[in-house]
Amino acid sequence: MPEGHTIHRQATELRRGFGGGPVAVSSPQGRFEAGAALLDGRVLAKAEANGKHLFLGFSDEAGHKPQSWLHVHLGLIGSWTFGPLAAGQPPPARGAVRVRLVGENEYADLRGPTVCEVLTTHDVTAVRARLGADPLRKDADHVRAGQRILKSKVPIGALLMQQEVVAGVGNVYRAETLFRARINPWTLGKDLDQGTWDALWADLVLLLKDGVKRGRIVTTLPQDRDRRSGPARREDAHYVYRRTGLPCRICGTLVVTEPMVGRNLYRCVVCQTG
DNA sequence: GCTAAATGTTGAT
DNA sequence: TCAACCTTTAGCT
């Protein structure tokens, strides 16, 4: 379920499990053999996420700067799985493993990514330069994103999905943050004001951080859930995302879905008039 | 148990 | 504009 929070979580897990030590890199599936050979046996020096992009930096020796990077974008169905290494036993064979990392005590398998390639530090800088403000990064420039949004003739619902504007937000977060702000997703960027953008950004920071902590996306406030106490159940996690035809948690109007730039957009036409 | 759709992006046509 | 990626889950029978 890869929106930005997932990738940041995985970066942390990879850093914790493999950082600072040599990593055996292979491609059981065979589609990344040449790339794997470039990285095999080197030390994982960095693991960081930028929006939905993951960058693993490899160096020749511990403590050195990385010269080669594994760049991964999971796309729609890509995934990482992690597991402990049973002594002397290879990790379980299941599905098409594009990349396998084997460290001292654990392994990580990558399946189904859209992007999986080896880059130089220079290339990594170029990829990152194309990305917009990431709510999960301290170096995020939300003012710059706002300048772009507040003069755009594109609907805010589409702008939030543009990774060169805001990096890490996907279909779930865009639908939910716009509902929480009661904003009509079809409102053009230029028709928003600075205060509205600042509030939207603050909410995205809050939601994505919460997503990293939980490992899943929960956007509802406890008082808006069908069961108002205890942990949020899956069917209680969202206001509008994938709730087509169900009553809005606030006003009871049925949630509608309609395509926006080729993706399903969910909203409440009564609550979201801002 | 089966089928369709899905949190996203790239590259070919 | 469309296929590919190739897994997971929701929804149906």
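Since the model is a prediction, treat every value here as computed from it, not as a measurement. To find a chain, count down the sequence lines: A is the first, B the second, and so on, and within it residues start at 1.
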Fill in: Stepwise salt bridge (charged side-chain N to carboxylate O under 4.0 Å, His left out) check, A/E48 with A/R15
CA-CA 8 Å; A/E48 46 185 294; A/R15 204 179 304 127; over 6 Å; no

Fill in: Derivation of the side-chain hydrogen bond (donor to acceptor under 3.5 Å, both in side chains) call for A/D210 and A/H5
CA-CA 8 Å; A/D210 181 79; A/H5 68 300; over 6 Å; no

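A/L76 places its CG atom 12 Å from the C1' atom of C/dT9, with the value rounded to the nearest Å. Distance, A/N264 CG to B/dA4 C1': 13 Å, rounded to whole Å. Between the CG atom of A/L131 and the P atom of B/dT9 there is a distance of 9 Å, given to the nearest Å. Separating the CD1 atom of A/I77 from the P atom of C/dT8 is a distance of 10 Å, rounded to the nearest angstrom. At whole-Å resolution of the value, CD in A/E235 and P in C/dT9 are 15 Å apart. Rounded to an integer number of Å, the gap from A/L110 CG to B/dG8 C1' is 15 Å. If you take CD1 of A/I217 and P of B/dA6, they are 15 Å apart, rounded to a whole angstrom. A straight line from CZ of A/R234 to P of C/dA10 spans 4 Å, rounded to a whole angstrom.
Within 4.0 Å of A/Y173, counting heavy atoms only, lies no atom of the nucleic acid at all. Within the 4.0 angstrom heavy-atom criterion, only backbone atoms of the sugar-phosphate kind lie near A/R31; the bases stay farther away. Among the atoms of the strands shown, none is found under 4.0 Å from any heavy atom of A/E117.
By the 4.5 Å heavy-atom criterion applied to side chains, A/D203 and A/Y173 are not counted as neighbours. Residues A/W80 and A/L74 are in side-chain contact: their nearest non-hydrogen atoms beyond the backbone lie under 4.5 Å apart.
Under 3.5 Å, the side chains of A/Q67 and A/R42 contain a donor-acceptor pair of N or O atoms.
For C/dG11 and B/dT7, the P atoms lie 14 Å apart once the distance is rounded to whole Å. Atom P of C/dC6 sits at a distance of 26 Å from the matching atom of B/dG1, rounded to the whole Å.
Both A/L136 and A/L204 belong to a single network of hydrophobic side chains, linked directly or stepwise wherever heavy atoms of I, L, V, M, F, W or Y lie under 4.5 Å apart.
Remark: A/R242 is not in phosphate contact with C/dT9, judged by side-chain N or O atoms under 4.0 Å from OP1 or OP2. Listed pair A/Q163 / B/dG8 fails the phosphate criterion, with no side-chain N or O lying under 4.0 Å from OP1 or OP2.
Residue A/R263 places its side chain closer to B/dT7 than to any other of C/dC6, B/dT7, B/dT10. Here the nucleotide nearest the side chain of A/Q29, chosen from B/dG8, B/dT10, C/dC6, is C/dC6. Taking only side-chain atoms of A/Y241, from C-beta outward, the nucleotide of B/dG8, B/dA6, B/dT10 with the closest atom is B/dA6. Side chain of A/K52, nearest nucleotide from B/dT10, B/dA6, B/dG8: B/dG8. In this structure, of B/dT10, C/dC5, B/dT7, it is B/dT10 that holds the atom nearest to the side chain of A/R130.
Where A/T81 and A/T114 meet DNA chain C, the nucleotide closest to each residue was compared, and A/T114 sits on the side nearer the 5' end.
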